[in-house]
Each structure stands twice: as structure tokens, then as C-alpha cells.
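The structure displayed is predicted, hence computed values, not measured ones. Order of appearance sets the numbers: ligands from 1, and atoms from 1 within every ligand.
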Amino acid sequence: MTGIAITVEACGKTFADGTRALSPISFEIGAGESIAILGPSGCGKTTALRIIAGLEGPDPGGRVLFDGADVTPLPIERRNVGMVFQSYALFPNMSVIENVAYGLRVRGVPRQPRLGQAQEVLAMMRLAEFGGRRIDQLSGGQRQRVALARALAVKPRVLLLDEPLTALDAALREDLRAEIDGLLRTLRISSVYVTHDQAEAMVLGDRIIVMERGAIAQIGTPRDIYFRPASRFVASFVGTMNRLEGAIRGGVFETRAGRLPVDRADAAEAVAFFRPEAARLTPADGAPLRFRVARCHFLGAAQRVYLDAGEGAPALIADTDNRRTWQPGQETGLAVSASDLLFL
Ligand SMILES: Nc1ncnc2c1ncn2[C@@H]1O[C@H](COP(=O)(O)OP(=O)(O)O)[C@@H](O)[C@H]1O
Ligand SMILES: [Mg+2]
């Protein structure tokens, strides 16, 4: 299997009841690329995926191209895409192998080669012994692997996944996430993975499309999105972000807790954003910023310290080494390098 390039061109979507699910959005997916679409519930992820799949048409003016060919008028069965849904959508009255072979049957592949191909895909998904089982005799994780096998059995040109792990418990989710990652890398198929879970998007997306209210907020690699968020929305949706209010005067960011040197032009009011791992706790004496420890969560491998940022302000978070101990009420210094401060 090899992937195809996909172009989504000015695809908007207004539903019959007037709901505007998508403003016209445009992006490209390279052949063999894994794209994650990330955003909160209701932001238009599923609608975008269904337009790529051919389950939904874009508003007039929108186009979907596969390897440069316009597929906008083609229904899903003529686009050769594999699709996996959150709800599995398996056929309960068919055995596992019949489920996996279903797409081949619809395409008119005779019984023997169809079952042979289905068995191969089952083996790839480590389900070789499960072909004869009924769906209700499988665990949630096994069901979702059957759904993946069914999507892959037709050798699709692109694999589309809509929050496939949401119904599973945390440990299983992580296992299956690694399995899907291995699968996408082995098959080198193009894929679009829709999720509201930033960890899934980071692991599975070569690039991530962050969506907000029917529009694209940012497109970039996981590192781009994390280190150079394009907006406050992206900064706070992906990872934990601290926010500190103040004003910049003479190259110094002045806050209620002290002053930080910055490499920014003056601005009467400014909000600085920085990641918990960029916050360094120092002795309070002579520190650029001073806070009191509100509480400390020892997490084993890491330690998260919450700093009291004053009345009404959310606590600042510093991720520190796991050896030192912190007492609530204790005074501490806080240093952040100018290069780790984002003004958005
Ligand atoms: N068939 C539909 N008719 C009307 N509104 C819809 C329909 N499908 C989705 N929507 C609305 O469009 C918006 C985007 O939905 P959706 O694409 O499912 O978001 P997401 O997958 O990000 O949660 C939501 O406001 C949703 O309620
Ligand atoms: Mg959805």
C-alpha cells in the first residue's frame, strides 16, 4: 500500500438546519503523511473528515482532490478510503472474519480469495485466531483492532480515523495508539486521525491541524504547535501553559511578583505565556520573580509545584526534579529565560 496526496480546497459546510460547521478550510496532506486533526468537541473535526471520506459534500466552491484528481462528486465507495469510527460500527450478526472481508465482498471479490485476504489482515493485527468469533465475544480493544482490520482489508489509499480510541480505558488506549503508530509507519499509507486528545495527536501526527470553531487555528509539526503556538487558543489547548500578566517597559517585563528581562519592544500591557518545564525554581533571595508555594504534587518521575499567583489569578505551575521537597507557604524564586516567554 502507498499513500496518495490529498488536497482540501476551500471546503466549508453549512448543514440544512443552518448550522455552520466549517468555515471554508484548505490544507494539503502529502503522500504517506499522517495528519492529526485536533480540537475541542464541536469544532468541526468529524465534518472535515466526512468531507474527505465522501460521506458529506462541501458547500459549493469546495473541492477535494486525491493525487490532483477532483473526487468531490464521488461517494465514499468510489474513493477507496478506509474508515474507522469511535463506535467501531462492526456488524454484530457477522463473524470477525466476515466483518473484515465485508468491503471485499461489496467489491465482488470471490469468497476464497476474500477470506484469504481477510485472514492476512487479521494476522497483521494479531487477531489470527479470532476469525470465527462473534463480535460480542471480543474485548473493546479487540473490537477496535477488527475495525482497523476491516478498514485496511480493501487496501485503501487513505485511512481515516475518527476518535477510534475514545471508548477504551487509558492503558488500552496507549497500547492501541502505539499499535496504530506502528501500522501507519509500516504501511506508509496516508492517514487522517481525528482526536480531541493532544497526546494522540502528538504521537500519531507528522503534522497536526488544530481547529477552533470550524476554522483552522494552526497547522504544524507537534514541535511547532507546542513551542510556537500561533494563538492563545492553541497555546492553552496543547499542553499546560502558564500565563502571567504585566507590562513591558525598557526591556523588562514588570509583574506583581517581580521583574523579568525580555527581548521585546515595550508594551503597556502584556501577557506572558511559558511552559511548566521552562519555569526554574530558585532561592527566593535575589530572584527575578518571587512566589509562595501553594501545593506540590509528587508524581514519581516528576514533581509539579503550584505557585500562588495572587488573588483571582490561576496558580503558576513549575515542573521540577523529583528530589527536592516543597512545603505550602514556602517562598521561592522563579526564573524563566527570555527565549521561553511567548507574548501572544
Ligand atoms: N448533520 C448535522 N446537522 C446539523 N448540525 C450538525 C450536523 N453534524 C454536525 N453538526 C454540528 O456541526 C458542528 C461540528 O460538528 P462535528 O464536525 O461533529 O464536530 P467535532 O467532530 O469536532 O466534535 C457542531 O456544532 C455540530 O453540532
Ligand atoms: Mg467528532
Problem set entry | Sub-4.5 Å side-chain heavy-atom contact between Met83 and Leu49 | yes

Seminar exercise, completed: At a cut-off of 2.8 Å, protein N/O/S around the Mg ion (ligand 2) gives Thr46 OG1

For this session: Can you tell me which residues line ligand 1 if we count any heavy atom under 4.0 angstrom from one of its atoms, in chain and number order?
Result: Phe15, Asp17, Thr19, Ala21, Pro40, Ser41, Gly42, Cys43, Gly44, Lys45, Thr46, Thr47

Exercise. So do Arg105 and Glu98 actually touch side chain to side chain, heavy atoms under 4.5 Å?
Worked result: no

Exercise. Is a side-chain N or O of Gln142 found less than 3.5 angstrom from the main chain of Ser139, in a donor-acceptor match?
Worked result: yes

Exercise. In terms of the angle between their ring planes, are Phe343 and Phe253 parallel, tilted or perpendicular, with boundaries placed at 30° and 60°?
Worked result: perpendicular

Exercise. Is a side-chain donor or acceptor of Asp206 paired with a backbone partner of Ser34 at a separation under 3.5 angstrom?
Worked result: yes

For this session: Kindly say whether Ala48 contributes a backbone atom to a donor-acceptor pair with the side chain of Lys13 at under 3.5 angstrom?
Result: no

For this session: For residues Leu160 and Val158, determine if any side-chain heavy atom of one lies less than 4.5 Å from a side-chain heavy atom of the other.
Result: yes

Exercise. How about Ile4 and Ile6: do any of their side-chain heavy atoms sit closer than 4.5 Å?
Worked result: yes

Problem set entry | Salt bridge present between Glu200 and Arg177 (N-O < 4.0 angstrom) | no

